2 protein chains.
Amino acid sequence: MTEASAEDLQKAGLKATVPRLKILRMLDTCDQSHMSAEELYRRLLEEHEEVALATIYRVLTQFEQAGLVERHHFEGGQSVFELCRDGHHDHLICLKCGKVEEFFDEAIEARQKAVAAQYGFELTQHSMTLYGLCASCRSN
Amino acid sequence: MTEASAEDLQKAGLKATVPRLKILRMLDTCDQSHMSAEELYRRLLEEHEEVALATIYRVLTQFEQAGLVERHHFEGGQSVFELCRDGHHDHLICLKCGKVEEFFDEAIEARQKAVAAQYGFELTQHSMTLYGLCASCRSN
DNA sequence: GTATATGCAAAACTTTTGCATCCTT
DNA sequence: AAGGATGCAAAAGTTTTGCATATAC
């Protein structure tokens, strides 16, 4: 995938403003792909690219509505945001070091659809998050 | 299952205080089995069984630690609490009317374990929530 | 030039905490 | 009687909003 750019914003129907580009770039290039608004704010600050926290929240909400970003509610209360890249996936999170792994499992997806159908639901989205200890945290 | 009682609290290692019993009873008998702290507060108020909101939060946290209650982070920011009755289950939520259905699917549980193992994780918990439109909301 | 976005400060909301008083065992 | 629990009020944390100014097209 090429670097996040002004066109990505325009294609999504959003003006290519400086704060939006900073936020998009940070989501795209940061080693940490799942960040809270506060984390994003701090990292931008560190790179001397400060954007007001209120703007970060507004922009993330717009990105979410435009389908550029997904918002997750993991344990811990605050929302975490992730740039939508390839397709759908679920998450595996280490409770000790916070590492986030992404995975996709066809069998699970199929069963989810089957369960929803069984209850008469039209499925529009789902969230599935596994919590545990990652390999390196286990060995310590 | 018999009505929630003082013994349930004592077995869990908690003093059987009046506020705790009120909260436990409400969780047990309310038609709505998944409630936020605020909702619990309002419903107790309606039944003239007021408990301070701060106490509700403290008690719910203790209940959670004692294994009496599960805390969920569904969409919408605030925590929702549910009395632990039978075994583990996942949730299916209607985005329109808020109805919560519980389900359990062995195939999904098995795949979750397999996925965790594949990534070297020791699985300690998981949350899986399906969102959609329930049958009656679809027909309207 | 015009509509929209941003920054700042304040507000709204959820959850936690300090402390004096009260209740359970 | 003693330790722990509660209520109240205040604080802390997260997210939203009003409004004047600045920016993108």
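Keep in mind that what you see is a predicted model, and the values were worked out from it rather than measured. First the proteins, then the strands, lettered A, B, ... as listed; each starts at 1. The figures that follow rest on heavy atoms only: side chains count, while hydrogens, waters and symmetry mates do not.
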What is the distance, to the nearest angstrom, from the [atom1] atom on [X] to the [atom2] atom on [N]?
X: A:L53; N: C:dA10; atom1: CG; atom2: P; result: 16 Å
X: A:E49; N: C:dG7; atom1: CD; atom2: C1'; result: 17 Å
X: A:Q62; N: C:dA5; atom1: CD; atom2: P; result: 6 Å
X: A:Q78; N: C:dT16; atom1: CD; atom2: P; result: 13 Å
X: B:Y41; N: D:dT6; atom1: OH; atom2: C1'; result: 14 Å
X: A:R20; N: D:dC25; atom1: CZ; atom2: C1'; result: 13 Å
X: A:L9; N: C:dT6; atom1: CG; atom2: P; result: 10 Å
X: A:I56; N: D:dT16; atom1: CD1; atom2: P; result: 13 Å

Check whether any side-chain nitrogen or oxygen of [X] sits under 4.0 Å from OP1 or OP2 of [N], and answer yes or no.
X: B:T17; N: D:dG4; answer: no
X: A:Q10; N: D:dA24; answer: no
X: B:Y57; N: C:dT16; answer: no
X: A:S79; N: D:dT14; answer: no

Toward the 5' end of DNA chain C, by each residue's nearest nucleotide, B:G77 or B:L14: B:G77
A:P19 vs B:T61, nearer the 5' end of DNA chain C by closest nucleotide: A:P19
Matching residue for A:H34 among A:E70, A:E39, A:H91, A:H72 - test: side-chain hydrogen bond (donor to acceptor under 3.5 Å, both in side chains): A:H91
Reference residue B:D105; test side-chain hydrogen bond (donor to acceptor under 3.5 Å, both in side chains); the match among A:R111, A:Q112, A:Q118: A:R111
Could you work out which one of [options] sits closest to the side chain of [X]?
X: A:T55; options: D:dG7, C:dT16, C:dG7; value: C:dG7
X: B:A52; options: C:dT14, D:dG7, C:dG7; value: D:dG7
X: B:K15; options: C:dT14, D:dG3, D:dG7; value: D:dG3

Closest heavy-atom pair and its distance - B:F121, A:I93: CE2-C, 3.6 Å
Sugar-phosphate, base or nothing in reach of A:A37, heavy atoms under 4.0 Å: nothing
N-O pairing of B:D8 and B:R20 below 4.0 Å: no
Nearest-nucleotide comparison on DNA chain D, the residue closer to the 5′ end among B:V59 and A:R58: B:V59
Donor-acceptor contact present, side-chain A:R85 to main-chain A:D28, <3.5 Å: yes
